[in-house]
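All of these numbers come straight from a predicted model, not from anything done at the bench. Per chain, numbering begins at 1; letters A, B, ... match sequence-line order.
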There are 2 protein chains.
Amino acid sequence: MADKSVLEKAKKIFENFLARQGSRKTPERFSVIDELYGLPQDEHIDVEGLFLLMRNKGYTISRATIYNTLDLLVECGLAVKHQFKDKVALYEQALTYKHHDHHVCNQCRKIREFSDERINLIKEAMGEEFQSGITSHSLVLYGDCQIENCENLSLL
Amino acid sequence: MADKSVLEKAKKIFENFLARQGSRKTPERFSVIDELYGLPQDEHIDVEGLFLLMRNKGYTISRATIYNTLDLLVECGLAVKHQFKDKVALYEQALTYKHHDHHVCNQCRKIREFSDERINLIKEAMGEEFQSGITSHSLVLYGDCQIENCENLSLL
DNA sequence: TTACATGCAAACCCTTTGCAATCGT
DNA sequence: ACGATTGCAAAGGGTTTGCATGTAA
């Protein structure tokens, strides 16, 4: 879970972002940021998960609003959206985000993060080769992890 | 478009694969391989595209059969399935496939292929770190390409 | 006050599934 | 002939959209 100052900082950024484009500061929008940043820093959650989590906590919020808000958070850099091989999109907080990539277990779907500088060398080289301003990338390694009972778990 | 011997080889592999698991050699299955391998070697096509292409050529084939057959082709290594940021899955022939990764333009969605050995170093390092047998990976670079009128094209 | 945001449910889109008809073997 | 495969259309599942209601400014 992100410490308090991170959450506060995120809210500030969000406020500025909303103000800049003349969007409203609704309680729903801030509740989403509260809950996303209330998760462990490296947790990946999908819309349905966030919806259930929030409903269970007593919020009255709709899926549609969560979708909308997450889009906004991605837009202003406060959330990152991932699409692994599964059909649901997963989100994670992005404020204290150091770019990292992911390893996903073929069986249990457990997600682990890593960071390897060499990806940047590839991006530089290809940006040049393709005369393209590379804006982002997605790197996912799939493998069979060694976790006990891996094949019987479904951690996603 | 793959040269004739490649197509023949692919069909042989497919025949053996089907025989090995006691599946039938239906004309539909072979028509899918014909058409997939009739495309330029690096072309990415989705199910709907293949369906329309084949219908226009006079085949009577259903989407369901195309989905089924592509699954089989992926299973026996004759096709590769890609899921970029878009929601449709794209397929390409895989017989003459040297593993490569992709650059996708943020605007025009044009796909270009590249190969950079450094990805293997990353896979080795992470396989060790995570005690995981890495079986595959997906690397996609997103950028703004310099193609004339890029923003007005929709090449996907 | 008034336009934007919300909640709900219906619509969407790609993919999967169920089933009767067909066709390899 | 038998059972796998096909085509079709309906169902599924995640996401998006339309619209009446609510609400920030």
Side-chain angles (χ1 to χ4, degrees), chain A residues 11 14-35 44-55 57-76 79 81-91 109 154 156, chain B residues 11 14-35 44-55 57-76 79 81-91 109 154 156:
Chain A
K11 287 187 178 179
F14 197 30
E15 265 183 59
N16 289 337
F17 172 77
L18 293 174
R20 198 177 328 126
Q21 55 173 42
S23 296
R24 291 182 184 162
K25 297 179 200 145
T26 67
E28 289 81 5
R29 285 174 175 169
F30 284 87
S31 68
V32 169
I33 216 176
D34 269 337
E35 294 308 314
H44 301 73
I45 194 166
D46 62 21
V47 170
E48 191 63 17
L50 203 45
F51 175 72
L52 294 175
L53 176 82
M54 294 181 73
R55 283 296 179 117
K57 285 194 175 184
Y59 292 96
T60 52
I61 192 166
S62 66
R63 270 173 267 257
T65 298
I66 294 179
Y67 276 106
N68 283 337
T69 305
L70 285 172
D71 280 352
L72 294 173
L73 292 177
V74 168
E75 209 181 322
C76 69
K81 178 179 181 175
H82 297 291
Q83 192 85 51
F84 299 126
K85 283 205 175 132
D86 317 284
K87 57 184 65 172
V88 292
L90 297 179
Y91 296 83
R109 311 308 285 166
S154 177
L156 181 59
Chain B
K11 287 187 179 179
F14 198 30
E15 266 183 60
N16 290 337
F17 171 77
L18 293 174
R20 200 178 325 126
Q21 55 174 43
S23 297
R24 291 180 183 165
K25 297 178 200 149
T26 68
E28 288 81 6
R29 286 175 174 170
F30 284 88
S31 67
V32 169
I33 216 176
D34 270 337
E35 294 308 313
H44 301 73
I45 195 167
D46 61 20
V47 169
E48 190 64 17
L50 204 46
F51 175 72
L52 294 175
L53 176 82
M54 295 182 73
R55 283 295 177 116
K57 286 195 176 184
Y59 292 97
T60 52
I61 192 166
S62 66
R63 271 174 266 255
T65 298
I66 294 179
Y67 276 106
N68 281 337
T69 306
L70 285 173
D71 280 352
L72 293 173
L73 292 176
V74 168
E75 209 182 322
C76 68
K81 178 178 183 176
H82 296 291
Q83 191 87 51
F84 299 124
K85 283 206 176 132
D86 316 284
K87 57 184 66 173
V88 292
L90 296 179
Y91 295 83
R109 311 308 288 165
S154 177
L156 182 57

Rounded to whole angstrom units, what separation is found between the [atom1] atom of [X] and the [atom2] atom of [N]?
| X | N | atom1 | atom2 | answer |
| --- | --- | --- | --- | --- |
| Asp86(B) | dT15(C) | CG | C1' | 16 Å |
| Asp71(B) | dT16(C) | CG | C1' | 10 Å |
| Lys85(A) | dT15(C) | NZ | P | 15 Å |
| Phe51(A) | dT6(C) | CZ | P | 14 Å |

### Query
Donor-acceptor pair, Arg55(A) side chain versus Ile61(A) backbone, under 3.5 Å?
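It does hold such a pair.
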Minimum-distance pair of heavy atoms, taken over all atoms of [X] and [Y]:
| X | Y | result |
| --- | --- | --- |
| Glu28(B) | Thr65(B) | CB-CG2, 3.8 Å |
| Phe17(A) | Leu72(A) | CE2-O, 3.9 Å |
| Lys11(B) | Phe30(B) | O-CE2, 3.9 Å |
| Gln83(B) | Val88(B) | NE2-O, 3.4 Å |
| Arg29(A) | Arg24(A) | NH1-O, 2.8 Å |

Drop me the distance from [X]'s [atom1] to [Y]'s [atom2], to the nearest 0.5 angstrom.
| X | Y | atom1 | atom2 | answer |
| --- | --- | --- | --- | --- |
| Phe51(B) | Tyr67(B) | CZ | OH | 10.5 Å |
| Ile45(A) | Leu53(A) | CD1 | CG | 5.5 Å |
| Tyr91(A) | His82(A) | OH | NE2 | 11.0 Å |
| Tyr59(A) | Asp34(A) | OH | CG | 5.0 Å |

### Message
Let's see if you get this right: which residues in residues 58-70 of chain B place a heavy atom under 4.0 Å from DNA chain C?
### Response
Ala64(B), Tyr67(B)
### Query
Do any of residues 19-27 of chain A sit with a heavy atom less than 4.0 Å from DNA chain C, and if so which?
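Per residue number, the list reads Ser23(A), Arg24(A), Thr26(A).
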### Task
Identify the 5'-most and 3'-most nucleotides of DNA chain D with at least one atom closer than 4.0 Å to a non-hydrogen atom of chain A.
dG14(D) to dA25(D)
### Task
Let me know, please, whether Glu28(A) or Gln83(B) comes out on the 5' side of the other along DNA chain C by nearest nucleotide.
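Its nucleotide being nearer the 5' end, the pick is Glu28(A).
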### Task
Go through Met54(A) and Val32(A) one step at a time and tell me if the side-chain contact (heavy atoms from CB on, under 4.5 Å) criterion holds.
CA-CA 8 Å; Met54(A) 294 181 73; Val32(A) 169; 4.3 Å; yes
